[in-house]
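Everything below concerns the one structure shown next.
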Amino acid sequence: MLITRCNAKLMVAFTLSALLMAITLSCQNETKKRSDRVSLSEAFLLSDKHQARYDLVSDSLYEMGAISSVMRDFLHGYYVMYEGMNYDRADTIFQKIINLSDADKYDRMVQIAAIRERLLILRNRGYYETATILALDALKRFSIDEANDDDTVYDYYLDLYFNVGLGMTMHGEEENGEKYYEKCYELNTSKQNKTGDKSFALMRRMILLYQIIQSHNSDSHTGLVMMKRWIDRQEKTFAEYETLPEKDRNDVSFDQLKGHAYIDKARVLQGLGRDAEAVEAYQKYLATNWAKTTSGVVNSCYYLGAAKRWEEASRSLEKIDEVLMSFGTEMSLDVVRDIYLQKYKYNLMAGHRDTANVLANRICQNLDSALSRYVHGKSAELATIYETQQKDAEIAKQKNSLLQTRVVALLVAIVLLTVVFVVYSIWRRRAAKMKAAQDRIEGELQIARNIQMSMVPSVFPELEGLDMYASMSPAKEVGGDLYGYLLLGDKLYFALGDVSGKGVPASLFMAQATRLFMTLAKQGMMPAEICTSMNDALSGDDNENGMFVTFWLGLLDLQTGHLDFCNAGHNPPVIGGGANQGDFLKMQPNAPIGLFPGLEYVGEEIDSVKGRPLFIYTDGLNEAEDPEQRQFGDERLLDILRNTHFDTARQVIETLAAEVAAHRQGAEPNDDLTMLCLRVS
């Protein structure tokens, strides 16, 4: 065993030596014809080409004299940051490079790269004001001409403008921030127009536009208008990118960028009051593959929260901790304010008080550490980094303005968190009383549900030649749908209705309508006469709330198949034809029952419905919604009925119930659902 382990170590050492030798020879061959040093772009390409670690390549290039010690240190820091995920160590390396005062032209480009990487670390940790000051100082120290010789460094230089724009935007100076964004975009477009690789150039432009869009404040009208302008530019770039040959496109990255753009467009349009356009943009977002990923689901909260779709918004943030952990995001004041306070709000508005309670606890626990990290850690860091550097009046003014804005933001965050804590404390004190009251209400509603369900038949006639079945599923504890039947010799009365509204008021109105139908049917009245009498009883001064019921009532002769019926503003039933090819029944219009006193309802008849299934339903079927609020629809209803072989009336109803449940995809029902089906032979 010991020999085996030693042999394994020797093999690893031999392989590593061979790799370094190959890289060294390759670098020698590639730099023999060059009198100058290897650029940052070329160093990255060499690492990618040989699939080697950046620190190994940098050591090899340094030994050859192809790069400076400063470039070697930068590549070491780059490896530590992206491969080793050690941000603290990488930050120390980059700070050392940035603080060099005697760098030559070559190493000054490396300093630009080090500044850019340090900006990423600061932004990732939520220290935007520190990043802004660092970027402002860099723009004073370096010029665009110094970065022109290296495409990678040029992009890094553009990131300085972006970081200044980001810092100003996040601290309320959106108009000033916009000037830096415009400069960044202008330089980006100008450089990329000269680039031969159009696919790569457009992809870089789309990424820049994505970053600018994400940075704006969607809580202000000004921020929404600015976001919309950048989103319009992004969509034009999308159209240009889609004209490229498929082989030249990166469809995975393109899909993700489209997903980001459409969800941002949806929340912007929602914020601007353009709801229909917002829904359209959200549908485009859902069509992307990225929308189905964990990060994509989390990002959907931006639109769902703006649209006040609280239940969906709260579900979208269920895996936010997983996303934050994958990016290595630390708990900062920005994270508390922008993420966890939003998650608390969505759950509170959705009625998830237990979850909101847990979040309030977590926010309070993390507030102290976030404040401590900001006040002590970053104040000391600012002093260390900038104490020895000369600042002119403009930089000092920018720094003072940003820090003042940050203090205001801190005070706002503390006030918000204090409100959360107070609400949480009050809620805890009242929790016991609320729980007892809730249990009592739920108990009473359950009793009401049992009473209501007892008012609709659960047993159906078992007569030769008659197949009949019905079901009712209230959206809440009690509902406003109804159905019933009465068998008088060879005559079968059957009815189905839908009361306006939901809940307890609708259930009480439903009970009155059901009682009236049964009472009037027992008198042998025709369907139109029953509807007229019901309308007289339910409309007028006694109906103070203006409630009504859409109603479909039939009287079937079981011997002849003759059907008399009256439709009072209800959905048209589906009646079967030859080979069970059904269609909606064409009927005379009548107003719903309860709206207008004194109406005379018009009845109709069909000579015979023998062998023709009749399916009656409430709009809880065709208007059932999935999580994206897409309806089940009339066409889908017809398609299912036409392609379902009729075995029994119960089988038809159970098939449609399963189809509706599948369409909802777990979403809460938006309306009561009642169905009745019968066939006489």
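Just so you know, these numbers come straight off a predicted model, no measurement behind them.
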>> Any non-hydrogen side-chain atom of N188 less than 4.5 Å from a side-chain atom of R205?
In response: yes

>> What's the separation between atom CH2 in W310 and atom CE in M349, rounded to the nearest 0.5 Å?
In response: 5.0 Å

> Considering residues at least two apart in sequence or located in another chain, which fulfil the salt bridge (Lys or Arg N to Asp or Glu O under 4.0 Å) criterion with R664?
Replying inline: none

> So with a 6.0 Å cut-off around CD of E175, is the heavy-atom count from everything else above 12?
Replying inline: no

> Which pair of heavy atoms, one from L286 and one from A291, lies closest together, and at what distance?
Replying inline: CA-CB, 4.0 Å

>> Using the salt bridge (Lys or Arg N to Asp or Glu O under 4.0 Å) criterion, which residues pair with K247? Sequence neighbours excluded.
In response: none

>> Please check if the number of heavy atoms outside Q665 that lie under 6.0 Å from its CD is greater than 12.
In response: yes

>> Using the ring pair (Phe, Tyr, Trp, His ring centres under 6.0 Å) criterion, which residues pair with F254? Sequence neighbours excluded.
In response: F238, Y241

> Between CD of E280 and CG of D275, what distance do you get to the nearest 0.5 Å?
Replying inline: 13.0 Å

> Can you name the residues that form a side-chain contact (heavy atoms from CB on, under 4.5 Å) with C184, not counting sequence neighbours?
Replying inline: L158, Y161, F162, L208

>> Rounded to the nearest 0.5 Å, what separates atom CE in M206 from atom OG in S253?
In response: 8.5 Å

> Under 4.5 Å between any side-chain heavy atoms of D107 and L100, yes or no?
Replying inline: no

> Mind checking whether L166 and T132 have side chains closer than 4.5 Å, heavy atoms only?
Replying inline: no

>> Give me the atom names and distance for the closest heavy-atom approach of A313 to G305.
In response: CB-N, 4.0 Å

> Do T237 side-chain atoms and R233 backbone N/O form a donor-acceptor pair below 3.5 Å?
Replying inline: yes

>> Ignoring hydrogens, what is the shortest heavy-atom contact between L317 and C301? Give both atom names and the distance.
In response: CD2-SG, 3.8 Å

> What residues, two or more places apart in sequence or in another chain, satisfy ring pair (Phe, Tyr, Trp, His ring centres under 6.0 Å) together with Y282?
Replying inline: Y285, Y303

>> Rounded at 0.5 Å granularity, tell me how far CG in L75 sits from CD1 in I93.
In response: 10.5 Å

> Would K265 and E277 pass as an ion pair if we require N to O under 4.0 Å?
Replying inline: no

> When you look at W290 and K258, which way does the side chain to side chain contact (heavy atoms under 4.5 Å, CB included) test go after all the steps?
Replying inline: CA-CA 9 Å; W290 184 72; K258 282 201 299 183; over 6 Å; no

>> If the condition is salt bridge (Lys or Arg N to Asp or Glu O under 4.0 Å), which residues does R89 pass it with, not counting sequence neighbours?
In response: none

> Between the main-chain N or O of E240 and the side-chain N or O of T243, is there a donor-acceptor pair closer than 3.5 Å?
Replying inline: yes

> What distance do Y181 atom OH and I213 atom CD1 have between them, rounded to the nearest 0.5 Å?
Replying inline: 11.0 Å

> So do R141 and I98 actually touch side chain to side chain, heavy atoms under 4.5 Å?
Replying inline: yes

> Between the side chains of E235 and W230, is a donor N or O closer than 3.5 angstrom to an acceptor N or O?
Replying inline: no

>> Looking at R309 and E312, is any side-chain nitrogen of the basic one under 4.0 Å from a carboxylate oxygen of the acidic one?
In response: yes

>> Which heavy atom of I115 sits nearest to which heavy atom of L160, and what is that distance?
In response: CG2-CD2, 3.6 Å

>> Looking at E178 and R229, is there a salt bridge between them, counting it only when a charged N and a carboxylate O are closer than 4.0 Å?
In response: yes

> What are the two closest non-hydrogen atoms of A266 and A278, and how far apart are they?
Replying inline: O-CB, 3.4 Å

>> Any carboxylate oxygen within less than 4.0 angstrom of a Lys/Arg side-chain nitrogen, looking at R315 and E311?
In response: yes

> Hey, mind stepping through D264 and Q214 against side chain to side chain donor-acceptor pair (under 3.5 Å) and telling me if it holds?
Replying inline: CA-CA 8 Å; D264 287 330; Q214 292 293 310; 2.5 Å; yes

> Is a salt bridge present between D232 and K236, judged by a nitrogen-to-oxygen distance below 4.0 Å?
Replying inline: no

> When rounded to the nearest 0.5 angstrom, what distance separates CG in L224 from CZ in R267?
Replying inline: 8.5 Å

> Of all heavy-atom pairs between I97 and A114, which one has the smallest distance, and what is that distance?
Replying inline: CG2-CB, 3.8 Å

> Is there a side chain to side chain contact (heavy atoms under 4.5 Å, CB included) between F632 and D626 once you walk through the steps?
Replying inline: CA-CA 8 Å; F632 190 81; D626 66 7; over 6 Å; no

> Is there a side-chain contact between L209 and L257 (heavy atoms, below 4.5 Å)?
Replying inline: no

> Would you say the side-chain atoms of N670 and E623 include a donor-acceptor pair closer than 3.5 Å?
Replying inline: no

> Is there a donor in the side chain of R636 and an acceptor in the side chain of H663, or the other way round, less than 3.5 Å apart?
Replying inline: yes

> Is the closest side-chain heavy-atom distance between M203 and N250 below 4.5 Å?
Replying inline: yes

> Is the backbone of E625 close enough, under 3.5 Å, to the side chain of R630 for a donor and an acceptor to pair up by distance?
Replying inline: no

> Do L120 and L122 have side-chain heavy atoms sitting under 4.5 Å apart?
Replying inline: no

>> Could you walk me through whether L136 and Y180 satisfy the side chain to side chain contact (heavy atoms under 4.5 Å, CB included) test, starting with their C-alpha distance in whole Å, then the side-chain angles of each, then the deciding distance to 0.1 Å, before giving a yes or no?
In response: CA-CA 11 Å; L136 278 168; Y180 283 91; 3.8 Å; yes

> Just by distance, do the side chain of N163 and the backbone of D159 share a donor-acceptor pair under 3.5 Å?
Replying inline: yes

>> Counting C-beta onward and ignoring hydrogens, is there a side-chain heavy-atom pair between N86 and M81 closer than 4.5 Å?
In response: no

> So N622 and Q631, side chain to side chain contact (heavy atoms under 4.5 Å, CB included) or not? Walk me through it.
Replying inline: CA-CA 7 Å; N622 57 324; Q631 294 188 346; over 6 Å; no

>> Looking at T293 and N289, would you say the former's side chain and the latter's main chain have a donor-acceptor pair under 3.5 Å?
In response: no

> So, D137 side chain and I133 main chain: donor-acceptor pair closer than 3.5 Å or not?
Replying inline: no

> For K292, does the NZ atom sit with more than 12 other heavy atoms under 6.0 Å from it, leaving out its own atoms?
Replying inline: yes

> Quick check: does any side chain N or O of S199 sit under 3.5 Å from a backbone N or O of D248, one acting as donor and the other as acceptor?
Replying inline: yes

